[in-house]
Number of protein chains: 2
Amino acid sequence: MKRDSKLSGVLHVLLHMAEQSRPITSEVLAKAMCTNPVVIRRIMAGLRDEGYVRAEKGHGGGWTLACDLEKVTLRDVYDALGSPVLLAMGNRSESPGCLVEQAVNAALDQTFRDAEALLLARLGEVTLAALSADFHKRLSARGGKHDLETAHAS
Amino acid sequence: MKRDSKLSGVLHVLLHMAEQSRPITSEVLAKAMCTNPVVIRRIMAGLRDEGYVRAEKGHGGGWTLACDLEKVTLRDVYDALGSPVLLAMGNRSESPGCLVEQAVNAALDQTFRDAEALLLARLGEVTLAALSADFHKRLSARGGKHDLETAHAS
DNA sequence: GTTTCATGTAACTTCATATGTTACACAATG
DNA sequence: CATTGTGTAACATATGAAGTTACATGAAAC
């Protein structure tokens, strides 16, 4: 099964926006993410509705951050994406009357629930600010400068 | 994203086989699982290769358990299925040179690894025997008798 | 031995879903 | 009012999982 990388992608975009004071257009973001402007808008719609980003139309328009990086966790971002499923596996729930199936599901359910809870808890512990700080640490370690365009040129 | 229920389904099948001393054909299993005999064979191939089940051809043939339920864990079954991906989300890894992406991936990776480790550890703790015992507990609690065919009739 | 019943597996088809694309309405800026 | 941008619906494409067909192989019944 193919893994969904929306969360990873959105975080990537958000951190880039944090480095940029000017609005960034969907088109530019799409180039950086190797995808399509419309896809970007679709993904960002949830974040906009939650007020984490703002979209402006017209000349000089585009996306800007509209939240305090300290206050927004990866969990918040995840939720804004519509809380997509975390686990690639689930229970069969045909034949709910079958006691064998009930036994199997009971065993797996608890395991799955715990793993999901762990994931959500972890995501809730990390703020965008923490990610940004990590980025800046890497940046000064490498001593380079940063640019959205060139960083994704290859 | 749709969840894969192969593990759940296979466990279901295995427990039913444990209740039955006669071999069960792919066709019967397929009916019970609402699927196709060929799909059953495909799924069971891994288990057969690991020696957990045996397949016999010809009259009176079919699938039988070939392992000690005490010794086989859900983790073993999971592995026999080819260790399918556990998490529905993953990292983008385009632009590996981008420091933003590195920071994002570092944060998510650890979380994802931990969740996977938790899942695998849990699966490793539960034996087929434990599942079977749970089933029998439910069975006597309901006081009924058990039959593969009727349990999936609806 | 040959007929029947079963698995083993390759090849193909179908289906569901995620992603990409087009098109156009709407809004803001110069 | 032309240009540049988002918002979104509608459609197209691609990907992969599941279902299906077909046939080879092997074992048991007769």
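Throughout, a chain's letter reflects where its sequence line sits, starting with A, and its residues are numbered from 1.
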Round to a whole Å and report the spacing from CG of B:N36 to P of D:dG19. 7 Å

Whole-Å gap separating P (D:dT6) and CE (A:M17): 11 Å

More 5' along DNA chain C: A:R41 or A:G58, using each one's nearest nucleotide? A:R41

Are any side-chain N or O atoms of B:D68 and backbone N or O atoms of B:E70, one a donor and one an acceptor, separated by less than 3.5 Å? yes

Rounded to whole angstroms, how far apart are NZ on A:K57 and C1' on C:dT29? 13 Å

Please check if the number of heavy atoms outside B:R138 that lie under 6.0 Å from its CZ is greater than 12. yes

Between C1' of D:dA17 and CZ of B:R3, the distance in whole Å: 17 Å

Take the protein atom CE of B:M44 and the nucleotide atom P of C:dT9, then report the distance between them rounded to whole Å. 14 Å

With a non-hydrogen cut-off below 4.0 angstrom, is A:R54 in contact with a base, only sugar-phosphate, or nothing? nothing

Interatomic distance where CD belongs to B:E56 and P belongs to D:dA29 [whole Å]: 12 Å

It should be established whether B:R22 places a side-chain nitrogen or oxygen under 4.0 Å from OP1 or OP2 of nucleotide C:dA6. no

From the options D:dG19, C:dT7, C:dT19, select the nucleotide whose nearest atom is closest to the side chain of B:T35. D:dG19

What nucleotide among C:dT21, D:dA22, C:dG20 has an atom nearest to a side-chain atom of A:V38? C:dT21

Between A:E116 and B:R3, is there a side-chain N and carboxylate O pair less than 4.0 Å apart? yes

Going by atom types alone, do A:W63 and A:S26 pair a side-chain donor with an acceptor below 3.5 Å? yes

What integer distance in Å separates A:M1:CE from D:dT15:P? 17 Å

Given D:dG7, C:dT7, D:dA18, which nucleotide is nearest the side-chain atoms of B:W63? C:dT7

Of A:H59 and A:S5, the one whose closest nucleotide on DNA chain C sits nearer the 5' end is A:S5

Side chain A:S5, main chain B:N91, donor-acceptor under 3.5 Å: no

Could you tell me whether the side chain of B:R42 has a donor or acceptor atom within less than 3.5 Å of a complementary atom in the base of D:dG19? yes

Classify B:G62 by what it touches in the nucleic acid, base, sugar-phosphate, or nothing, heavy-atom distance under 4.0 Å. sugar-phosphate

Do the side-chain N or O atoms of B:T25 get closer than 4.0 angstrom to the phosphate oxygens (OP1, OP2) of C:dA6? no

Establish, with yes or no, whether the OP1 or OP2 oxygen of D:dA18 is under 4.0 angstrom from a side-chain nitrogen or oxygen of B:K6. yes

Separation of D:dG7 atom P from A:L29 atom CG, nearest Å, is 12 Å

